[in-house]
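Structure first, then comments.
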Protein chains: 2
Amino acid sequence: MRAKQTSFDIAYRAGVSQSTVSRALRNSPLVNEETRRRVQEIAKELNYKVDRNASSLRTQLSGTIALLLFEDPTNDDSLINPFFLSMLGSITRASAKKGYDLLVSFQQMSNDWHADFEDTRKADGIILLGYGDYTDYEEKLVQLIKQETHFVRWGADVKGLSVVSVGCDNFDGGYQVTEHVIKNNRQHFAFLGGVSTGSPEFLDRYTGHCQALKDNNLKVDSNLQIDAISTDESGYQAAKQLIAKGIKFDAICTASDLIAIGAMRAIQEAGYNVPGDVAIAGFDDIATACSTSPALTTAKQDTVLAGEILVDKLLQLVSGEEAHTQLMPATLVVRKSCGS
Amino acid sequence: MRAKQTSFDIAYRAGVSQSTVSRALRNSPLVNEETRRRVQEIAKELNYKVDRNASSLRTQLSGTIALLLFEDPTNDDSLINPFFLSMLGSITRASAKKGYDLLVSFQQMSNDWHADFEDTRKADGIILLGYGDYTDYEEKLVQLIKQETHFVRWGADVKGLSVVSVGCDNFDGGYQVTEHVIKNNRQHFAFLGGVSTGSPEFLDRYTGHCQALKDNNLKVDSNLQIDAISTDESGYQAAKQLIAKGIKFDAICTASDLIAIGAMRAIQEAGYNVPGDVAIAGFDDIATACSTSPALTTAKQDTVLAGEILVDKLLQLVSGEEAHTQLMPATLVVRKSCGS
DNA sequence: AATTTACATGCATACGTATGCAGATTAGCC
DNA sequence: GGCTAATCTGCATACGTATGCATGTAAATT
């Protein structure tokens with residue numbers, strides 16, 4: 001039972017050649033219906049499985065997608081950002097749906113990831129995932145392109161390079177949320193999230209936020225914008241800084257749910273009521289957002305859809321088709337943290 | 001640049017044979033220091049990467065671990081249970097640390113997963129992850145053993161089979177949490193979580209819970225135990241059922257944080273104060289547990305540690321060493337939902 | 001009946017690497 | 001200097017599959 005079965009073993013039992021076995025199992029039309037059935041039956045009986053290494057070596061196709069998850073170097077927490085964890089889940093599902101295996105790998109930006117996966121033939125294509133300014137690794141993207149590696153990435157469009165990016169309309173998301181809060185009669189807005197530094201996503205969200213304020217004749221006070229990375233703790237600290245400034249505010253928009261959650265904690269600890277005294281809005285719609293108290297109003301990024309789109313586009317590239325950058329809508333999810 | 005480089009190309013440039021290249025790159029002591037250096041230099045220059053398929057075919061080793069994540073069939077939610085998502089993250093990290101790639105795959109219990117991964121040589125070993133009664137798939141475990149597949153699983157020990165399981169001391173976790181709540185002067189305990197049906201984990205937690213009650217001369221009222229699966233919604237429904245019964249209770253222990261979160265919502269909606277009127281405790285310590293209001297007191301399963309242990313044990317098996325089932329401690333995390 | 005066509009199978013080989021074995025070169029020894 | 005030992009390199013082959021090409025057979029066409 002244990003000595004591994006090969007296609008030759010099947011061939012022997014079926015009284016045909018190895019070629020025929022291979023064809024029969026791949027449902028080649030070249031092989032007779034009757035023969036095919038017999039071969040497949042025997043293969044099943046002997047519990048034969050095609051050796052993927054041999055198969056991949058021969059076909060130069062691995063049936064595998066690699067997912068490279070970049071760690072946020074500013075965050076030494078050993079846990080993964082729940083938004084990306086959710087993306088990971090949906091990408092796993094999406095690739096399974098397409099019959100592809102998923103190879104998951106954490107990477108430091110600084111590593112040699114740009115050369116690895118497809119050149120080793122471990123994967124047919126690569127999905128790049130992670131917050132961060134792509135200028136951090138633009139040269140590596142250039143190299144990927146030069147190598148003709150098939151890849152797609154999550155994030156904002158990369159100008160000047162023919163890279164397929166799938167990202168959320170962060171500007172619009174920021175705009176929508178802010179507008180919603182304005183409608184709840186808030187006038188003095190703070191914004192928590194790294195803008196000058198770091199991810200273009202956060203910047204876009206902030207830009208959308210500011211535009212909504214302007215369109216509603218509200219003032220943008222840059223003193224009320226405080227940098228934060230996407231962690232609970234960073235949001236907490238930023239909110240404390242904000243309070244310490246002593247400037248009046250009745251609403252906080254944030255660049256991510258985690259920031260919002262941390263901020264909410266700080267605000268409540270300081271004795272304010274949410275949303276009574278201060279409205280707080282998030283971004284992402286992570287699972288936790290439903291469970292905060294009050295539940296978090298936020299801009300949802302549809303990770304399930306995003307995962308499917310990323311996988312679809314990548315497989316298009318793999319099969320030689322064209323694929324293009326796509327912007328996904330962000331949708332406002334109204335809960336309790338900003339009033340009705 | 002694009003035509004893929006092979007070891008023959010390197011050999012040609014270095015003026016040596018392909019064998020020598022292979023040896024040089026694998027740091028074989030057979031090859032001269034000087035030659036090795038030159039070969040490695042050229043390989044780097046040409047951006048050469050070993051073809052993993054060819055390599056694996058030859059060595060019969062893939063350098064890959066497969067993670068099979070079983071879906072809870074009772075939960076058609078397209079999202080993954082946050083506890084397992086967290087395990088996924090830590091396992092990914094742990095295997096990366098050991099130099100292994102991780103192949104992630106969702107599976108239905110009913111599939112042919114038991115034969116797939118190692119026989120196809122895609123992976124050197126398998127990690128099985130998922131709630132559920134192993135009797136659901138005991139026959140498949142038997143087959144895995146018969147095939148001499150290397151695998152470890154998360155969960156309670158499987159009696160009668162030589163299977164390496166790594167699991168949390170659910171009994172003790174349930175005991176600890178309950179004892180803590182008792183110390184906060186509660187007397188009338190309800191328990192939410194599927195006991196008669198489904199996962200042995202839940203049953204163990206419940207058993208620990210009951211033991212703590214008994215040891216403190218408190219009554220176990222089976223009318224106050226209500227089944228629930230590990231989702232927010234299920235916990236919400238169970239809590240509503242509980243309230244509907246009209247039996248007095250001042251504490252709810254649950255089989256998972258998600259259940260607790262749902263229950264908390266139901267209890268608060270019904271106008272009770274947590275923890276004033278009702279103490280609520282969870283199990284798992286998922287990320288969300290810090291962010292509920294009040295923050296959830298719970299029994300923590302250390303997923304980071306669990307991931308490392310699982311990977312370590314698996315690699316021991318792969319390298320022919322013995323490995324044994326291990327029980328991990330659950331640790332009480334006191335927050336606000338049960339009083340001090 | 002001779003020829004073409006269609007269909008089914010087998011032969012031989014390539015994918016790129018790793019390694020047992022033999023050979024070559026140099027050093028070491030009496 | 002002739003021998004063994006030590007060190008390094010190359011040759012040849014195997015891993016298990018997929019597929020181009022040739023072959024063989026039966027049916028269809030003329």
Side-chain angles (χ1 to χ4, degrees), chain A residues 2-40 42-43 46-64 115-124, chain B residues 2-40 42-43 46-64 115-124:
Chain A
R2 179 80 286 243
K4 205 194 150 201
Q5 305 287 346
T6 73
S7 49
F8 284 98
D9 298 317
I10 312 298
Y12 177 76
R13 305 253 180 154
V16 296
S17 72
Q18 181 268 332
S19 326
T20 302
V21 171
S22 175
R23 292 200 183 94
L25 295 178
R26 314 193 101 227
N27 288 317
S28 158
L30 279 179
V31 59
N32 181 287
E33 186 94 11
E34 155 69 21
T35 314
R36 182 210 320 289
R37 228 194 314 268
R38 193 159 37 101
V39 168
Q40 291 188 340
I42 294 176
L46 295 190
N47 199 14
Y48 166 80
K49 301 283 165 185
V50 173
D51 184 310
R52 284 286 288 270
N53 294 314
S55 178
S56 297
L57 175 59
R58 175 63 226 244
T59 59
Q60 306 288 44
L61 288 175
S62 64
T64 301
D116 250 31
F117 281 82
E118 205 180 291
D119 272 8
T120 62
R121 300 247 185 251
K122 279 189 287 193
D124 299 331
Chain B
R2 181 78 288 241
K4 203 196 150 199
Q5 304 288 346
T6 72
S7 49
F8 285 98
D9 297 319
I10 311 298
Y12 178 77
R13 306 254 180 154
V16 297
S17 73
Q18 182 267 333
S19 327
T20 302
V21 171
S22 175
R23 291 200 184 91
L25 295 177
R26 314 193 99 226
N27 289 317
S28 157
L30 280 178
V31 59
N32 182 287
E33 187 94 11
E34 157 69 21
T35 314
R36 182 211 320 290
R37 229 195 314 271
R38 193 158 37 103
V39 168
Q40 291 188 341
I42 293 175
L46 295 190
N47 200 13
Y48 166 80
K49 301 283 165 185
V50 172
D51 183 311
R52 285 288 287 271
N53 294 315
S55 178
S56 297
L57 176 59
R58 177 63 226 244
T59 59
Q60 307 288 46
L61 288 175
S62 65
T64 301
D116 250 32
F117 281 82
E118 205 180 292
D119 272 8
T120 62
R121 301 247 184 249
K122 279 190 288 193
D124 299 332

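Lettering of chains follows the sequences in order, A, B, ..., and the numbering in each one begins at 1.
- Across C/dT9, D/dC8, C/dG10, the shortest atom-to-atom separation from the side chain of B/Asn32 is found for D/dC8.
- The side chain of A/Ala54 sits closest to D/dG16 out of C/dT19, D/dG16, D/dA18.
- With hydrogens and angles ignored, no donor-acceptor pair under 3.5 angstrom links the side chain of B/Arg58 to the base of C/dG20.
- The backbone N or O of B/Asp124 lies less than 3.5 Å from a partner atom in the side chain of B/Ser62, making a donor-acceptor pair.
- Nucleic acid contact class of A/Thr6 (heavy atoms, under 4.0 Å, all strands): sugar-phosphate only.
- Judged by distance alone, the side chain of B/Ser56 and the main-chain N or O of B/Leu61 form a donor-acceptor pair under 3.5 Å.
- For the pair B/Leu30 CG and C/dG23 C1', the interatomic distance rounds to 14 Å; values are reported in whole Å.
- Judged by distance alone with a 3.5 Å cut-off, a donor-acceptor contact links the side chain of B/Ser19 to the base of D/dC11.
- The CG-C1' distance, from A/Asn27 to D/dT19, rounds to 16 Å in whole Å.
- Residue B/Arg13 places its CZ atom among 12 or fewer non-hydrogen atoms of other residues, nucleotides or ligands, all under 6.0 Å distant.
- The distance from the NZ atom of A/Lys4 to the CD atom of B/Gln60 is 6.5 Å, given to the nearest 0.5 Å.
- Each of B/Asn53 and B/Thr20 has a nearest nucleotide on DNA chain C; the 5'-most of these lies closest to B/Asn53.
- With distances taken from any side-chain atom of B/Arg26 to the nucleotides C/dT19, D/dG16, D/dT19, the minimum falls on C/dT19.
- Note: NZ (B/Lys49) to P (C/dC15) measures 22 Å, nearest angstrom.
- Heavy atoms of B/Val16 sit under 4.0 angstrom from primed sugar atoms or phosphate atoms, though from no base atom.
- Distance check, rounded to the nearest 0.5 Å: OH of B/Tyr12 to OG of B/Ser17 gives 15.0 Å.
- Per the geometry, CZ belonging to A/Arg37 stands 16 Å off C1' belonging to C/dA8, to the nearest Å.
- Remark: P of C/dA14 and CG of B/Asp51 are 17 Å apart, rounded to the nearest angstrom.
- A/Gln60 has a side-chain polar atom (N or O) that falls below the 4.0 Å cut-off from OP1 or OP2 of C/dG16.
- Residue A/Thr35 has a polar side-chain atom (N or O) positioned under 4.0 Å from OP1 or OP2 of C/dT9.
- If you check C/dC21, C/dT17, C/dG10 against the side chain of B/Ser55, the one that comes closest is C/dT17.
- Rounding to whole angstrom units, CZ of residue B/Phe8 and C1' of D/dT13 are separated by 11 Å.
- Among the nucleotides D/dC11, D/dT17, D/dA18, the one closest to any side-chain atom of B/Arg23 is D/dC11.
- Put simply, CD1 on B/Ile10 is 13 Å from C1' on C/dT17, counting in whole angstrom units.
- In this structure, the nucleotide among D/dA18, C/dA8, C/dG16 sitting nearest to the side chain of A/Gln18 is D/dA18.
- As rounded to whole Å, 12 Å separates atom P of D/dA18 from atom CG of B/Leu57.
- Considering CG of B/Asp51 and CZ of B/Arg58, their distance stands at 14.5 Å, rounded to 0.5 Å.
- Applying the 4.0 Å criterion to OP1 and OP2 of C/dA18, one finds that B/Thr59 has every side-chain N and O outside that range.
- Distance from the side chain of A/Ser17 is smallest to C/dC11 among D/dC15, C/dC11, D/dG20.
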